[in-house]
Amino acid sequence: MSRRLTHALGRVLPPLGVFALIVAGWYLVTYQVLAEDRRFLLPPPHEVINEGFLDERVREDILLAGWETLKAALIGLAIAFVIGSVLAVLMAQARWIERSLYPWVVFLQTIPILAIVPVIGFWFGYELTARVVVCVIISIFPLVINPLQGLLGTDRGLHDLLTLARAKPLTRLLKLQIPAALPQVFVGLQTAAGLSIVGAVVGDFFFGRGAIGLGLLLSRYSGRLQSAEMLATVFAAAVLGVAVFWVFGALGRRVVGAWSEAWGAGERPAS
């Protein structure tokens, strides 16, 4: 067996093993724990697949709703990335700016989003704009904190070299701090990408109006006690979150993996 195949199996088999245990536990709960008249609360996996994904009408509804959710999440993520990057750069330039803005960034993270969803709907309506606002609020924190840590964590010796060369602050930022912060930027993007999907689903679920996303679809299936379709929608939302997380992970490995140990340069030491 080639080394590449062994490495691939080592990456694939452990999660597949965990997946098999989850499915086995699912069947156990459905058929052994739940009474027959309450089995609708957790239909077995094959029923979720048959009624949620193999049914053409339900599958089309999930795909269309998934696109609406993805659209809101990506727009919100892009806006949060721009705002977060600007805030991180400003905070990295002077201690007084950091002290002025950092508490408010933390405050934004601690806002109970479900409590202010009605306010967001009142201000921005109940269409795409309101869902994007929810995505921005939920996902912006790692897009400020991670880049800020990267900008502030630049090697002090390199800073001294630029000081000796009489480099201007803009040169220091563009040539040293931003490249050094890129690994942390992609960590923040990975985290925020998953959060933006959550924000899009939550906003859609509680606004209950406009184009049908996964959240609104969940609400409708829940109201009709269509458990299999509801679980299929939950699974679709989870897969969407994993997909965007993986995309930004792959992008991070492509951009900084050649020189960043955290993103792929070198082998992880054996345990």
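Around atom CZ of R59, more than 12 heavy atoms belonging to other residues, nucleotides or ligands sit under 6.0 Å away.
Taken from SG in C135 to CD1 in I140, the straight-line distance is 12.5 Å, to the nearest 0.5 Å. Taking CD from E229 and OG from S222, the interatomic distance works out to 12.0 Å, rounded to the nearest 0.5 Å. Taken to the nearest 0.5 Å, the CD atom of E47 stands 12.0 Å off from the CG atom of L54. Put simply, CG on L90 and CG on L148 are 10.5 Å apart, with the number rounded to the nearest 0.5 Å. I197 CD1 to L74 CG: the interatomic distance, rounded to the nearest 0.5 Å, is 6.5 Å. Between the CD1 atom in I137 and the CD1 atom in I111 there is a gap of 6.0 Å [rounded to 0.5 Å].
D55 has its side chain out of reach of N50: every pair of non-hydrogen atoms, C-beta onward, lies at least 4.5 Å apart. Inter-residue side-chain proximity for Q93 and R172 is flagged as unmet; no heavy-atom pair is nearer than 4.5 Å. Side-chain contact check for V244 versus L70: some heavy-atom pair is nearer than 4.5 Å. Proximity of F81 to V136: side-chain heavy atoms (C-beta onward) are nowhere separated by under 4.5 Å. Residues Q109 and W104 are not in side-chain contact: their nearest non-hydrogen atoms beyond the backbone lie 4.5 Å or more apart. Looking only at side-chain heavy atoms (C-beta outward), R57 and E60 stay at 4.5 Å or farther from each other. Put simply, the side chain of R220 reaches to within 4.5 Å of the side chain of I212, judged on heavy atoms. The shortest side-chain heavy-atom distance between F186 and L251 falls under the 4.5 Å cut-off.
With T191 contributing its side chain and V187 its backbone, the two residues share a donor-acceptor pair below 3.5 Å. The closest donor-acceptor contact from the side chain of Q190 to the backbone of F245 lies under 3.5 Å. Between the side chain of T110 and the backbone N or O of F107, at least one donor-acceptor pair lies under 3.5 Å. With R39 contributing its side chain and T30 its backbone, the two residues share a donor-acceptor pair below 3.5 Å. Looking at W26, its side chain does come within 3.5 Å of a backbone N or O of P43 through a donor-acceptor pair. Although no hydrogens or angles enter the test, the distance criterion places no donor-acceptor pair under 3.5 Å between the side chain of R131 and the main chain of A72. Judged by distance alone, the side chain of T69 and the main-chain N or O of L214 form a donor-acceptor pair under 3.5 Å.
Each of T171, L173, I178 was evaluated against K175; a single residue qualifies, T171, per the side chain to side chain contact (heavy atoms under 4.5 Å, CB included) test.
I79 and V134 end up in the same hydrophobic cluster when Ile, Leu, Val, Met, Phe, Trp and Tyr side chains are linked at under 4.5 Å. The cluster map of Ile, Leu, Val, Met, Phe, Trp and Tyr, joined by side-chain heavy atoms under 4.5 Å apart, puts V23 and V234 in different clusters. Residues I49 and M230 do not share a hydrophobic cluster, defined by chaining ILVMFWY side chains whose heavy atoms lie under 4.5 Å apart. Hydrophobic clustering of Ile, Leu, Val, Met, Phe, Trp and Tyr side chains at less than 4.5 Å, counting indirect connections, keeps V89 apart from L176. V242 and F53 sit in two unconnected hydrophobic clusters of ILVMFWY residues. Membership requires side-chain heavy atoms under 4.5 Å apart, directly or through other members.
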Next item on the list: I would like to know whether V185 and N146 meet side chain to side chain contact (heavy atoms under 4.5 Å, CB included); could you show each step before the answer?
Entry: CA-CA 6 Å; V185 169; N146 288 89; over 6 Å; no

Next item on the list: Apply the test side chain to side chain contact (heavy atoms under 4.5 Å, CB included) to residues V144 and Y102: give CA-CA distance (whole Å), side-chain angles for both, the deciding distance (0.1 Å), then the verdict.
Entry: CA-CA 9 Å; V144 177; Y102 195 93; over 6 Å; no

Next item on the list: Could you please spell out the steps behind the side chain to side chain contact (heavy atoms under 4.5 Å, CB included) verdict for L231 and Y221?
Entry: CA-CA 9 Å; L231 288 174; Y221 287 146; over 6 Å; no

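Scanning both residues, P142 and P147, for their nearest heavy atoms gives O-CD, 3.4 Å. Between P44 and Y27, the shortest heavy-atom contact is CB-CE2, 3.7 Å. Considering every non-hydrogen atom in both A192 and L77, the closest pair reads CB-CD1, 3.7 Å. Closest approach of P103 and E98 over heavy atoms only: CD-O, 4.2 Å. Residues D204 and L217 approach most closely at OD2-N, 4.4 Å, considering heavy atoms. Across every non-hydrogen atom of S196 and A193, the tightest pair is OG-O, 2.6 Å.
Between Y31 and H46, the ring-plane angle classifies as parallel under the 30° and 60° cut-offs. Taking the six-membered ring where tryptophan is involved, the planes of Y126 and F207 are perpendicular, since the angle between them exceeds 60° and thus also 30°.
By the 4.0 Å N-to-carboxylate-O rule, K71 lies close enough to E68 to be salt-bridged with it.
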